[in-house]
Amino acid sequence: MLPILAQAEIPEIHWLPLIPHLVMAGAAVVLLTIVSLVGSRLPPWFASAWTVAAGLGVLATAIPVSIRVSQLGPHSTIAGSIGVDHFSVFIVILLAGTVVLTALIADGFLQREGLDGPAFYVLLMLSAAGGMTMAVANNLIVLFLGLEILSLAVYVLVAMHLRRAESQEAGIKYFVLGAFASAFLLYGIALVYGATGSLNLIDIENILRNDNLGDNGLLLAGMAMLLVGLGFKVAAVPFHAWTPDVYQGAPSPVVSYMAAGVKAAGFAALLRVFFAGFGEVADDWQPVVFGLAIASLAVGSMLAIVQTDVKRILAYSSISHAGFILVGVQAATDDGVASVLFYLAAYAAMAIGSFAVITVVSGPGDEGTGIDSLRGLAARRPLLAAAFTVLLLSQAGIPFTAGFWAKFEVITAAVDARSFWLAVIAMLAAVVAAFLYLRIVVAMFLDAPEPDAPRLRIPRGPAVAVAIVVLFTLAVGVYPEPILDLADDALLSLRLHVPTH
Amino acid sequence: MDGSMVLPVIIFLPLVGAAAIALIAPSRSMVLKPVAVATSAATGALTLWLMAAFEAGDGGFQFTQFAEWIGSAGISWHVGVDGISLFLVVLTGFLFPIAIVACDPPHDAKAYYIWMLVLETGCLGVFLALDLVLFFLFFEVVLIPMYFLIGKWGHENRKYAATKFFLFTMLGSALMLVGMLALALLTARETGGAVTFNLVELANSAGELPTITARWIFLSFALAFAVKVPIFPVHTWLPDAHTEAPTAGSVILAGVLLKLGTYGLVRFGLYLFPEASRYFAPLLFTLGVIGILYGAVVATMQRDLKRLVAYSSVAHLGFIVLGIFSINTEGIEGGLLQMVNHGLSTGALFLLVGFIYERRHTRQISEMIGLQKAAPVLAAVFTVVMLSSVGLPGLNGFVGEFLILAGAFVAHRWWAVVAAAGVILAALYLLWAYQRVFHGTPDDANRSMPDLNWQEKLVMAPLVGLIVFLGVYPKPVIERMEPAVNALIEHMEEVEGIESPTVGDRPEGSFEELRELKAHYGEEEGH
Amino acid sequence: MVTATWYLILAAGLFTIGAVGLLVRRNPLIMFMCVELMLNAVNLTFITFGRELNDIGGQVSVFFVLVVAAAEVVVGLAIVVAINRRRPQATADDLSALRG
Amino acid sequence: METAVFIVCAAIVLAGALGVVLARNPVHAALSLVGTLFGMAVLFLNLEAHFLAAVQIIVYAGAIVVLFLFVIMLLGVDRLEDLSVEPITGQRTLAILVGLGTFVLAVAFLLSSSIGPTGPKILTLDITENFDQYSNLRQIADVLFTDYVYAFEATAALLTISVVGAVVMSRRMARSDEAQESAGDD
Amino acid sequence: MSTLVDLVWLIPAFPLAGVLILLALGRRLGEPRAGWLATAMMGGSFVATLLVFIGLIGHEGDERETVVTLFEWVPAGKLAVDIGFLADPLSITMALFVTGVGALIHLYSIGYMHGDEGFSKFFIYLNLFAFSMLMLVLGDNLLLTFLGWEGVGACSYLLISFWFTDEANASAGKKAFVTNRVGDWGFLVAMFLAFLTFGSLQYGEIFFEVESHGVAAGTASAIVVLLLVGAAGKSAQFPLHIWLPDAMAGPTPVSALIHAATMVTAGVYLLTRMNPIIAEAHGWVPDLIMWVGLGTALMAATIAVAQNDIKKVLAYSTVSQLGFMFVAVGSGAYVAAIFHMVTHAFFKALLFLGAGSVIHGMDGDQDIRRYGGLARLLPITSMTFVAGWLAIAGVPPFSGFWSKDEILAYAYGENKVLWVLLLATAILTAFYMTRLVLMTFFGPPRWAEAEAQVEAEAGEEAEDTAEAASEAGPPHRHPHESPWTMTVPLMALAGLAIVAGVFNLPFTSDVHFLGNWLKPSLFGNSGHLPFGGGTQWILAIVAIVGSLGGVSAGAVVYIRRRIDPARIEHPFLARAWRIDETVSNFMGGPGRRAFERTTQFDEQVVDGAVDATGTLIRRAGTKLRVSQTGLVRSYALGIAIGAVGLLAWFIYRAGL
């Protein structure tokens, strides 16, 4: 037996890069354990605080990883299945931040709605761990697993508001469609495996570089199927249809996590697979992404302006944003990747903040999400309205907000890749989308409040979260350099990896 | 004061004021206006100091300040002033205190003053920025305060007007952003240097881009500025915005904001794209002429006094575009001068219309009659301002208009001939409106309208004074503009390698020499 | 001798049937089953490729897919159970309050 | 031999699949699914994936389908579905067209392409070379605990989620008027 | 260098000072001090002009041109325009009678405007007008002339609509300004062309350039024609004359000063000033000026025959006399033109002021059909008016005879047909002026019984009499003579109207004072009579006979009543050849419709397109919204279709 055992080489494992993941998943499991042991004796804020701590812990542990990457350069571990680079660190930080902020938002919300607190945070953290896995996955199966971890948790989170029929409807819709799309994704993985003989993106990239597989039918079909699956996750048209329904039905804090975290993880996966893995055959997939981007921009913007529910509006606008980000993906350059990352960070802030405001405004039962409920908010809660306005303007891409630089970077990437018309269309769609942000602003500032509007209570958690994202949005708006540098450093090129296998 | 710090101070002083106002407790609302006035007045004083300290003979940028901002993207904090922007800055510094003093908001005073001051920062930033992205940021951010000013303190149809204003303008600048990036990136590619958005550096490599590319990029810029100016046929946001805006908003909109577009055409159109500017000059020229006539014709038929003034802006701005795209010293100087003049006279007109509105609560011309009887001082001021707007020599409007037309005549004479017909129409619509509003016997509703009070007189006095002064002695303005304009034209000629058509040198002769020449006539006369 | 292509075509057919089934059936449970069909089709594809490539990776993938399928079903059925508590016998078409 | 097995199993698989899609009774559908899964398991054997064939039976047929049946019984959702009506206009036609499209395109891709790279292959573990020495189970285990160890560990998270999810979703929510107290005592 | 000439800047400075002082203190000064101040300023200006005149005389003949530059006005690029004054015989001649006549009319106004609530404002405007007029005359470049040109236009506007509460006055003011602007367009374009051609707008530099380098005949022709457009606007030549009769809505001193003596002659001045360019133009250009002048003169004379408003008669007569001056300019008789301008300034100002005095005495009634027999009641007015009548009718030795005769002589030298028509115009002039004088001052008084008749006709001739009817006072009137402030100017002007002929006697070149004086300004471009003294004598006699014939004809019709006046006063003439109506109908009809269409175009097409874009996007959104059915299976279908689409695209991409 010994020789057989010797056959099985244990691959080298760098633990450091995995610590953030372990912290996140571990925190979830520990929380679960604590809750089952101590249960009701815990104060109501405990789970939330725990999650915030876990998120901060991830942020803290991401720093040494980042330093390691700076020292060693991008590399991979565990037989090349885990990529350790600034790209993944960026996404990890982003996801951790999202978790922290979502936990803050959820605190008051769960108490208000009487929902099962600890389970929410456990699922949230596990989902984020899945997202992080997607960000680091250099292996298609790992990526798929990460995606499923992320998604399954979110399915439950979406459906968990048991008193709201909409919540469960959203849950089942998201689940059915998600499973359907996963099947396509998986089929795509299988076809790529068949074409290249490997599931490892490093290997695939090498193979594609050395062999001319650009016209291999299996590869092409695989890419198509992968795009379906990942396009679904990032809500690109025509795989977007779930988005408005789910965003509207899901509990508001969950939506903030979905808009920020899930989208970021989806794009991270998209970039890893297509830019890093299939970079050699970019000519093949660029036109498709081009088409998806235009469709998303157009449909997202046009449908958003005819909505009356704020969550729906923002859902459609998130589709439009996805289109914008796809513009950066389409460039298929390092600048494009950087622009996508920057956009994701900026969008995460705006989306979390926006849904935090909606969480607060929607009131008991999470029902008041119509645009009417925002009427005259400026008179009732000026600071909240001002904060929301900043976030909306950021979404519209107005200068001195993070959103402006996000669009700036994406358009830069597109122009640099000579996709002038795509850039033009994207900007035109941004103008159309601006209309809907203005509609919300109009409702808040220019309309009179309903005479019987109840006094809004703003819990501390969401208030802190909103304050953080608004400050972030404005700070980045004025001085985007640090985040830009981070995004620029987050090079995603498998060629630089030194597979330890 | 350290020379290089004066521009940032000018730009951000209003913002500081806005912050200060934001911190004022609601219980002390009576100090809001004094703080706003003081801030804007201080800014105005600084701009005056700037004008005084400005080196008149220097055609380059002065008081420049440069700092790396976003190094990775080639974006810098780069501000400076030259003869082209100087007077727009001064105009901004001048009009804001006037607009703030003149009109009190009916509600939400705090937010109102904050937005006004933020707007001032934005406008000053636009005129002083020497980095394309910095310019764009200010150019775009100006929308926000203006949007709120129209939307919150405007008239009945304000939401529609504000949204239209916002989206229309944003549409233009959206494309400009693409063009701007294309310019920087493609230029960097052509020259092999790093990407930069520095205006001067880009202008110096202006000839490097392929002609067709430069033309496309120019078009994207031109569209953005055309919307802002506005040039026919993208002008329709303007009547709505002007009409619905509160008085101070209209004043600033007409006085300063429209100049962002024309200024952009000079600074970022001609300077960066000499060849494309000349290539498209006939197009813009034609649109300018159409704007002059069209704006006047449509203004004639307006029933709303404010709307009429708004359309008159379309006509006036048509003149400015005409001057700019004459691409000669006279035309551009005329255009620049006319920017200032239009700011003064149309700003004053909007103030006056606002005063009337405050008294009569209507803007409908048909509801007003014989106001001159009720308010002779108002009527007298209105007359002066109106004649300035008509372009009466001796008042400011004429000098600019004449230079523009003279320049335009040198460049494309038939267009200038047609455009000159605009002076007829200008008289027609303004005088007709004046006749309907001020002449005639007042009815009961109009008889008891009060005349200007001392505060309003105080506000109008400097405007009227400047209107007359600039009509009689525009030299201080022109002589500061001229070196910069000449430098611009030289730059364009250098890049293109051609000489622009111009007028022959001024003849050396005079009556003295003429006498010698014609001495023989006297002899001939004998028989 | 059956070539790999046959297996792959069979898998494609199965995948198609699963997909069409999901599109035409209204009972959420049967829709889940259709997803299972699709996953099975993928599994068959993986194993076929693995054999053709002489690589164990395909089989390992199938292993993970099995786990995922199981987890998915648990979650999916839990949601269905929760919905049924509120609205017994609800079909997929009945759940269309969110639209537009 | 292999051909015969393939044909039979393929028939079973397809028939089962069609049964799932066409059965009006969900219980029948579940049983058809079992048929497909069995056929599939045999095909796995045919493809020398012994371990997976076993897992297929145990996990799929044994656990998943039972779960399905359990839920069907629990909820009493065994009512017959009327398949003659399609409430959504054009859904069925389009579905069949899309199905045909997918199938035809997939087959076209499959037939037109070679499997694997043209250059040297990168193998996780060579099946044939080691077949004699190792069992299939062993091979999978080798890879699972080395190269795929991270993925393997990740499945733990997956399962945790499904457990937590099931618990969360199956919690009986108190009526809204009892919401306050139920939130307190949990 | 005489320092006297350098005082030229004082000439406009006085009235400007008047404006500023009155602006600051006008209301406090009140009546009549404001008027006295203004008048004093005009007097000072006149004195300054005299000083400059004396200074100029002190120069050698050819050196009577001095440019005094105050400061740079518009130094932009190649364009360099100064605020500078040109003192030469032409400008000083103009300035002399502008300030002289102006001072008299200011004085007159003190009486005339007595009791008006806008008293001080009126004098502000008058002084401002005088300032502008002097800028026009004295400016050393086209642009400064244009400044004055527009300034007088604006003052004219302000003064015509002085009594603004009446819609008619307001309309007339606007009409005057806008019509003038049409002419200004020509002036503007002429300036651009001049600037482009010569690189300067300064007269001296332009003329130097013309002399030294010459100018293409085509360019010169274009400049002159464009200037002619401008001149026609300001000097009320066909077809831009329509504003002048309406301008009579203003106070009468305004009509005298602006719309008879000074402003309307600006066109003649401008063309005279630009004589070196006219000399370079094609031959048809002077002919054009001539024929425009002739047509206007004849047409206006025929119209004047049928007018019943005393000021309208004088207005059309002014138009007609300006036509004479244009004929003179066109035939190269610049001296004759200026000569006639001066004499006309005297007698027409006199006539207007006289008319004002009559109107003043008649409490505002302007209809001559309700006058009659006023000679006894208004002795000074009637005597001075008669002097003016004889002057304009061309009866020797009154001034009008000399100037008109000179024009006729040049016309004869130019073209015989022209001469015949011009002579006919002169005869008509004598005729209608006789009619005016006879109906006003002689015959039986009609101001009481005419009332009823006028009211009956009111419907038919509403336009003509509306003003009169509305201002008609009580039925029993007591016409009275005006105060001395009004009669003194009348007498002064009467004296000038009688003797002004001596300025330019035709007998020998030594007594051809004006001709000799103006020579330096004309650069030898003056025309010469192609015939000798004998022919001149014959022509003079024919002219005298014609004038007397016209006077007699008037007497025959309006005293002896041999011919029914109604046959002469044809409605077509009374309605001014329907030109005004045609223009109004066009402006009110197709013109207005075109404007309305454009506005509709703006609202519906241009703005409509913008709104339509918004609607379109919104509608597309609504349509697309249908796809969001809420049915999970539809969504799945969407995904599946997307998948098939992607597969298909890749198939296409792979070329399979």
Side-chain angles (χ1 to χ4, degrees), chain A residues 4 7-11 13 18 25 28-29 32 39-40 78-79 81-82 111 113-117 119 122-123 126-127 129-130 133 139 141-142 145-146 148-149 152-153 155-156 159-160 162-163 191 194-200 203 206-207 210-213 216-221 365 501, chain D residues 102 105-106 108-125 130 133-134 138-139 141-143 145-176 178-186:
Chain A
I4 300 167
Q7 197 83 33
E9 266 178 58
I10 304 296
I13 299 179
L18 299 177
V29 176
L32 191 62
S40 54
I78 317 186
S81 64
I82 300 297
Q111 285 166 39
E113 303 296 320
L115 295 177
D116 192 354
V122 170
L123 290 171
L126 285 175
S127 171
T133 305
N139 183 300
I141 284 299
V142 174
L145 280 171
E148 284 298 327
I149 295 168
L152 278 180
Y155 300 149
V156 179
M160 78 178 292
L162 294 175
R163 259 190 301 279
L191 292 172
T196 60
S198 176
L199 290 162
N200 191 303
D203 297 340
N206 273 322
I207 290 164
N210 298 325
D211 298 358
N212 185 14
L213 284 180
N216 185 303
L218 289 177
L219 183 71
L220 294 177
H501 181 55
Chain D
T102 318
L105 290 169
F109 276 118
L110 293 172
L111 292 179
S112 68
S113 329
S114 60
I115 296 170
T118 50
K121 291 174 186 170
I122 296 163
L123 297 183
T124 310
L125 196 69
N130 301 308
Q133 291 168 321
Y134 307 129
R138 188 79 204 212
Q139 288 176 332
D142 258 8
V143 178
F145 294 107
T146 56
D147 292 4
Y148 285 89
V149 67
Y150 184 85
F152 187 76
E153 298 300 336
T155 53
L158 206 56
L159 296 173
T160 314
I161 288 170
S162 62
V163 170
V164 175
V167 170
V168 168
M169 294 313 297
S170 56
R171 241 184 91 206
R172 250 182 210 290
M173 204 47 161
R175 301 222 164 273
S176 49
E178 298 163 7
Q180 259 66 30
E181 53 187 277
S182 83
D185 63 21
D186 206 42

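A, B, ... follow the sequence lines: proteins, then strands. Residue 1 opens every chain. Owing to the predicted nature of the structure, the values given are computational and were not obtained by experimental measurement.
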Point-to-point distance, once rounded to the nearest 0.5 Å, from OH of D:Y150 to CD1 of A:I82: 5.0 Å

Which atom of A:G194 lies closest to which atom of D:I115, heavy atoms considered: O-CG2, 3.3 Å

Chain D contact via A:L152 - which portion, at a heavy-atom distance below 4.5 Å: both

Rounded distance (nearest 0.5 Å) linking atom OG of D:S113 with atom CG of A:L219: 9.0 Å

Side chain / backbone / both / neither for D:S114 at chain A, heavy atoms under 4.5 Å: both

Heavy-atom check, side chain of D:L110 versus side chain of A:L218, under 4.5 Å: yes

Atom of A:G217, atom of D:F109 and distance for their closest heavy-atom approach: O-CD2, 3.0 Å

Interatomic distance, A:I149 atom CD1 to D:T160 atom OG1 [nearest 0.5 angstrom]: 9.0 Å

Side chains of D:V164 and A:V156 in contact at under 4.5 Å (non-hydrogen atoms): no

Side chain, backbone, both or neither of A:A25 within contact of chain D (heavy atoms, under 4.5 Å): neither

Heavy-atom pair of closest approach, residues A:A79 and D:D147: CB-OD1, 3.3 Å

Under 4.5 Å from a heavy atom of chain D, the part of A:T133 involved: both

Side chain to side chain, A:N139 and D:Y148, heavy atoms closer than 4.5 Å: yes

Largest heavy-atom contact set with chain D, pairs under 4.5 Å, which of A:V122, A:V142, A:L123: A:L123

Contact leader toward chain D among A:A129, A:A28, A:G197, A:A195, where contacts are heavy-atom pairs under 4.5 Å: A:A195

Non-hydrogen atoms of A:M160 and D:M169 that approach each other most closely: CA-SD, 4.2 Å

